K.L.:
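Mind having a look at this structure? Questions to follow.
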Protein chains: 2
Amino acid sequence: MVRIKDVAKEAGVAASTVSLVMNKKGYVSEATRQKVEAAMKKLKYVPSEVARNLSLSRTNTIGVIMPSVSHPFFGEVIEALEAALYDQNCKMMLCCTQHKENGERTFVDMLKRRTMDGIIMGAHSLDVSLYADVQQPIVAFDRYLNDRIPIVHCNHKKGGQLAAERFLAHGCRHIVEVIGYQGVQTPANEYHFNAADILHAHGVRVDVVEMPWNAFDYPSFAAAAQQLFQQYPDVDGVLGADLAIAACLHVAAALGRRVPDDLRLLAYDGTAVTRMGLEPITAVRQPIRELAELSVRKVLQMVNGTYEDGPWVIDPFILDGNTC
Amino acid sequence: MVRIKDVAKEAGVAASTVSLVMNKKGYVSEATRQKVEAAMKKLKYVPSEVARNLSLSRTNTIGVIMPSVSHPFFGEVIEALEAALYDQNCKMMLCCTQHKENGERTFVDMLKRRTMDGIIMGAHSLDVSLYADVQQPIVAFDRYLNDRIPIVHCNHKKGGQLAAERFLAHGCRHIVEVIGYQGVQTPANEYHFNAADILHAHGVRVDVVEMPWNAFDYPSFAAAAQQLFQQYPDVDGVLGADLAIAACLHVAAALGRRVPDDLRLLAYDGTAVTRMGLEPITAVRQPIRELAELSVRKVLQMVNGTYEDGPWVIDPFILDGNTC
DNA sequence: GTGAAAGCGCTAACAA
DNA sequence: TTGTTAGCGCTTTCAC
C-alpha cells in the first residue's frame, strides 16, 4: 500500500505538499505540482478516505433508514435519495428495518459513532425515544420523531383534499379508506383525516380499514381487500396506498364489480405500480424526487452548519388514470 | 466530544485498558472493568468508528452496485443483500448506476480509496476494464467482469430448460423471447440460449426481441410488447423478465388474446410483481435470498482471507401461476 | 512556496 | 493485569 509519504519521497517534497496538490489547496508552484502528480501516477497512489475522514471528522456519508427496499414507494424514495446524495458527492448507507428485530437501534448507534455525517430517517419507528440523545443531524422523512427533528413531507392535507374532491365529483356516497397502522406518528395520516372530514361534510359515509404495523406488502392488502368488499358490499369508492388500491382493483374484478363505473379507486402515492396494470390507476402523486432532494439539501445544510429554515412541505398532484 | 483518553482519565486507567474493556479483549480485572464502564456511562462515551477503522484498516462496509433500486428484481436483491450484510455486522453502501453518467467509475474509485472492504457488483457494466486494477475483494453478482473476479449466479441453463419444458408440455409452436441488451456479459444470457436450443430441437420456432441497454422499466416493456404482437401475430408463448411478461399480459388482454389458452406467458425471475396482478404469473424463480447470502458470504471470506472455493451457482425453480 | 510537527481517536506490541 | 509507546494515513498550522 502506498502512502502519502511514499509519494512525497518519490517526488522529493514533504507530505504536506502532496496533500496540497491532491486537494488543490493553497499555493503550489507549477513545477512541484508536476513532480507530485508524476509521482502519484508512477506509484499508482490512491489516498485513504478513512484517514482523511478521521482528520477532517467528516465522512461524506449519509445514512438512510427506511422500512423496505422492495416496496414501490420506499424503493422510489431510496433511489431518489441515492441520486440526490450522489449529486452532492455523498455516499448512502442504507438500513431497512421492516424485517429486523433491532435494526433501527443498531443503525442509530452507528450514527452516534460518527460513521455517518447525518441521517435521513423514514422508518416506521415505534420507539421514538431512540432519537432523544443523538447529537448528529437528522431529517425525518414523513415521520414525527421529536420536536427538535425537522421533518420533510408532502402536503398530505392537500392530498386528502384532492382525493375527496375527486370522489365528490363522481358522486360517490360510501368511501372506504385503507390506512396504515395508527401507532406510527406520520404526517401522512393527515390525508385520510382531511379526506374524511371533507367527505363527511358532504354527507358521504366513510369507513376505515386499518392495516397492522409494517404490513404494506401486496398479500396483506389483498387479504384486506377481500375483507373490505365483504364487510362493505355497497362501497363505491376506495382510497389507499398504491398497493392497497391495486389489490382492490383485482379483487373487485374477481367479484365482478365494474371500475370505475360503480366503484372508484384512488391510489395514494402514485408510484410506478399504478402505471403497470391493465389500466392505469388514478392516483394522488407524492413528488418523490422533490421530497428526496429537499431532504438531502436539508440534512447537508445541518451537517455544514449552513442550516436555514425554509420549505419542508411539497404539494402533491393528481395523476390521471382509468379508475377514478 | 469525549475521547477514549477522557474515559481513561475519569476511570484512572490507561487508554489501552479502556480499549480492552470496550472490545472485550485480553484480561481485565473485574474491578477496573467496572470502573471503566462506569466512566463510559458517566461521560456518555461513544467510540469513533472512523478512528477504529483507520487503526484496523477495516470498515465493515461492503459496497453494492446495482442498476436500480425501484425495479422488482434489483430491489429484492438489494433488500436481501442488506439483510445478509446486517447479519454479518456489516453496513451496506449503495450505488445505483442506471441514471448516472459515471456512477460506476466513481464508485469503483471509492472502493480503491478503501472506504469499503469489498464490493458486490451487479450493474450492467459496459466498461469492464474498470475492474482490472482493483485490489480489494469483488464478487460479481450475475455478471462477467474478468476472469479473476468470481461470480455468483443462478443456474440459468437450468432455468432455460425449465422454461422450454414448460412450453413444450403445452404444445407451443412459436415462442418469442424478450431478452436484455446483449452487449452486457451476464450468465443470465444462458437461459434464453438454452431455452431456444431445446425448443429448436423440438421443431419450435423461436424469435427474439432484444431490449436496449438498461431499458428494463415497465413502459419500455409495454412498448416492446405492442411491437411483439404486431410483428409475430401467431406467437403462442413468450418468455422474458417479470416486467416484460406483465406487459405482455396486459397488451395481450387488450388485443383479446386468451391467456393461457392460446398464449402462454412465462416470467423469468419470479419476483413479487408476478403475484401482484389479476392472475398470478407463472415464473421461473431465481432464489434471490440465497444468491444474496452466498454473495455476502463469499465477499466476506475474501475480506477475511478465509476464502474457499465452493458453490457459486444456485438452482432456480418454477413458481406456479395461471399464465403458462 | 514549502516543510516540520502536531493532531484526528483508536489499537496493539511490548514492557512492567 | 495494566501502562507506555508507536503507529494507522491524512490535514493543517505555522515557521522558514
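For the numbers below, each heavy atom of this structure counts, side chains included, while hydrogens, waters and symmetry mates do not. Chain A is the first sequence line, chain B the second, and so forth, proteins listed ahead of strands; every chain is numbered from 1. Since we're looking at a predicted model, the values are computed, not measured.
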K.L.:
With heavy atoms under 4.0 Å as the rule, sort B:V13 into base, sugar-phosphate or nothing.
P.N.:
sugar-phosphate
K.L.:
Check if the side chain of A:S16 and the base of C:dG3 share a donor-acceptor pair of N or O atoms closer than 3.5 Å.
P.N.:
yes
K.L.:
Quick one: is A:S48 getting a side-chain N or O under 4.0 Å of the D:dC10 phosphate, OP1 or OP2?
P.N.:
no
K.L.:
Would you kindly give the NZ-to-P distance between B:K5 and C:dT11, to the nearest whole Å?
P.N.:
15 Å
K.L.:
In whole Å, I'd like the distance from the CD atom of A:E30 to the P atom of C:dT2.
P.N.:
11 Å
K.L.:
Mark yes or no for a side-chain to base donor-acceptor pair under 3.5 Å between A:S55 and C:dG7, with no hydrogen or angle criteria applied.
P.N.:
yes
K.L.:
Any donor-acceptor pair, under 3.5 Å, between the side chain of A:T32 and the base of C:dG1, if you only look at N and O atoms?
P.N.:
no
K.L.:
Without decimals, in angstroms, what is the distance between B:N53 CG and C:dC8 P?
P.N.:
18 Å
K.L.:
Considering residues, nucleotides and ligands other than B:R105, do more than 12 of their heavy atoms fall under 6.0 Å from its CZ?
P.N.:
no
K.L.:
B:M1 has an atom CE; how far is it from atom P of C:dG7, in whole Å?
P.N.:
17 Å
K.L.:
Assess the side chains of A:R143 and A:H124: does a donor N or O sit below 3.5 Å from an acceptor N or O?
P.N.:
yes
K.L.:
Take the protein atom CG of B:N23 and the nucleotide atom P of D:dT2, then report the distance between them rounded to whole Å.
P.N.:
16 Å
K.L.:
Which of these nucleotides, C:dG9, D:dC10, D:dG3, is closest to any side-chain atom of B:A14?
P.N.:
D:dG3
K.L.:
Should B:V77 and B:Q286 count as side-chain neighbours, where that means a heavy-atom distance under 4.5 Å?
P.N.:
no
K.L.:
Kindly say if A:S29 contacts the phosphate of C:dG1, meaning a side-chain N or O under 4.0 Å from OP1 or OP2.
P.N.:
no
K.L.:
Is the B:F74-B:F216 ring centre distance short of 6.0 angstrom?
P.N.:
yes
K.L.:
Does a side-chain N or O from B:R52 land closer than 4.0 Å to OP1 or OP2 of C:dC10, or not?
P.N.:
no
K.L.:
Check every atom of C:dG9, D:dT11, D:dT1 against the side chain of B:Y27 and return the nucleotide holding the closest atom.
P.N.:
D:dT1
K.L.:
Could you say whether B:A15 or A:K25 is positioned toward the 5' end of DNA chain D, judged by the nucleotide with the nearest heavy atom to each?
P.N.:
B:A15
K.L.:
Rounded to the nearest angstrom, tell me the gap between atom CG in A:L56 and atom C1' in D:dT13.
P.N.:
14 Å
K.L.:
Select base, sugar-phosphate, or nothing to describe what A:S57 touches, counting heavy atoms under 4.0 Å on all strands.
P.N.:
nothing
